[in-house]
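Worksheet: the structure to be examined is printed underneath.
Per chain, numbering begins at 1; letters A, B, ... match sequence-line order.
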Amino acid sequence: MEHDWNIDYKQAVKLQKKLAAKVLLEDSFGHIHRIGGVDVKASRDGYLYCAVLVFTFPQLEILQKQAIKRKAAYPYIPGLLSFREGPAVLQCFERLKTRPQLVFFDGNGFMHPRRLGLASHMGLLLDLPSIGVAKSKLLGQFREPKNQKGSYTLVKDAGQVIGAALRSREGTKPVFVSSGHRICLQSAIKFTLNVSQYRICEPTRQAHNFLAKAF
DNA sequence: GCGACAG
DNA sequence: ATCTTGTCGC
């Protein structure tokens with residue numbers, strides 16, 4: 001079922017390509033009334049902290065909060081973020097009494113060199129629809145979206161649309177949205193806008209705030 | 001070789 | 001991500 005996490009760069013890249021072929025880029029879910037937000041942070045003394053919050057949708061009332069702490073066993077390498085944060089995310093999900101029906105991640109999904117960013121990787125292993133919302137760009141070309149909430153431009157790489165630069169709030173830099181698993185880009189953009197009050201969408205923003213005071 | 005590089 | 005206070009602006 002779950003694969004090995006302690007593998008070198010070469011093997012990790014190979015595994016990403018293999019898993020990317022299993023990702024579904026189409027909507028594969030019913031009525032969504034429960035969503036989740038995930039965030040991971042690292043401390044200088046070598047620990048990772050992960051929080052998963054579950055909310056009602058679209059009301060966004062908090063149903064559950066879970067957080068875990070564990071030693072970081074993998075370094076941060078651009079393109080291999082899921083190998084560093086993935087184990088912590090899965091461990092935190094095991095603590096959930098009720099799983100969300102759609103999950104937001106702080107990072108990318110399809111907008112990735114091998115098209116398997118953290119959101120796609122986790123969505124696949126958890127078998128849950130997922131969306132990646134990154135605060136900065138990992139790769140791709142795009143033009144600045146208009147300064148109006150909801151405005152977006154497509155991000156492309158290798159002649160392919162990999163995600164969108166979305167203005168989640170007027171007067172702020174755009175966020176980078178991409179499909180994680182079991183959802184198309186248009187739906188990912190729509191859901192992200194529906195849960196964005198500030199620049200960072202509520203699910204991950206609140207997971208981040210929770211981590212700031214959870215330990 | 002040079003620049004870029006999620007968190 | 002982390003190191004870190006005040007400060008400029010809506």
For DNA chain B, the residues among [range] that have a non-hydrogen atom under 4.0 Å from it:
range: residues 207-215 of chain A; answer: none
range: residues 180-198 of chain A; answer: none
range: residues 147-179 of chain A; answer: none

Derivation of the ring pair (Phe, Tyr, Trp, His ring centres under 6.0 Å) call for A:Phe83 and A:Trp5: CA-CA 6 Å; A:Phe83 285 85; A:Trp5 290 103; 5.6 Å; yes
Side chain of [X], backbone of [Y]: donor and acceptor closer than 3.5 Å?
X: A:Arg99; Y: A:Phe93; result: no
X: A:Lys173; Y: A:Ser136; result: no
X: A:His181; Y: A:Leu25; result: no
X: A:Arg34; Y: A:Thr56; result: no

Can you tell which of A:Leu118, A:Asp106, A:Val89 makes a side chain to side chain contact (heavy atoms under 4.5 Å, CB included) with A:Val38? A:Val89
For nucleotides 3-10 of chain C, give me every protein contact, N/O to N/O, under 3.5 Å, one pair per line with atom names.
none

Indicate for each nucleotide in nucleotides 2-7 of chain B, in 5' to 3' sequence, whether protein heavy atoms under 4.0 Å reach the base (B), only the sugar-phosphate (S), or nothing (-). ---BBB
For DNA chain C, write out the stems as range with range, using runs of 3 or more consecutive Watson-Crick or G-U pairs with both distances under 3.5 Å.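 As far as DNA chain C goes, consecutive pairing (with distances under 3.5 Å) yields no stem.
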Please determine if A:Lys69 forms a cation-pi arrangement with A:Tyr47, meaning its NZ or CZ atom is less than 6.0 Å from the six-membered ring centre and no more than 45° off the ring axis. yes
Please name the pair of heavy atoms, one in A:Pro100 and one in A:Val54, separated by the smallest distance, quoted to 0.1 Å. CD-CG2, 4.1 Å
Can you name the nearest heavy-atom pair linking A:Ser120 to A:Ser179, along with the distance? OG-O, 3.5 Å
Show the numbers, then the answer: is there a ring pair (Phe, Tyr, Trp, His ring centres under 6.0 Å) between A:Phe104 and A:Phe191? CA-CA 10 Å; A:Phe104 286 83; A:Phe191 271 109; 7.2 Å; no
Side-chain donor-acceptor pair under 3.5 Å between A:Asn209 and A:Gln206, yes or no? no
Does one side chain, of A:Ser187 or A:Asp27, offer a donor that lies under 3.5 Å from an acceptor on the other? yes
Before giving the answer on side chain to side chain contact (heavy atoms under 4.5 Å, CB included), spell out for A:Lys146 and A:Arg167 the whole-Å C-alpha distance, their side-chain angles and the decisive distance to 0.1 Å. CA-CA 8 Å; A:Lys146 288 186 297 184; A:Arg167 193 76 67 182; over 6 Å; no
Kindly state each residue pair satisfying ring-ring contact (aromatic ring centres under 6.0 Å, His included) with at least one member in residues 194-215 of chain A, sequence neighbours excluded.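 Every pair satisfying ring-ring contact (aromatic ring centres under 6.0 Å, His included) with a residue in residues 194-215 of chain A: A:Tyr49-A:Phe215.
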What pairs with [X] under salt bridge (Lys or Arg N to Asp or Glu O under 4.0 Å), at least two apart in sequence or on another chain?
X: A:Lys18; value: none
X: A:Asp39; value: none
X: A:Arg84; value: none

Taking only residues two or more places apart in sequence or in another chain, which ones pass side-chain hydrogen bond (donor to acceptor under 3.5 Å, both in side chains) with A:Gln197? none
Straight-line distance of A:Leu185 CG to A:Ile131 CD1, nearest 0.5 Å: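 So the gap between those two atoms works out to 9.5 Å.
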Apply side chain to side chain contact (heavy atoms under 4.5 Å, CB included) to A:Leu102 and A:Phe29, showing your working. CA-CA 9 Å; A:Leu102 169 67; A:Phe29 49 78; 5.6 Å; no
Where does DNA chain B pair, written as one dot-bracket string 5' to 3', with Watson-Crick or G-U pairs under 3.5 Å, ( ) inside the strand, [ ] for crossing pairs and | for another strand? .......
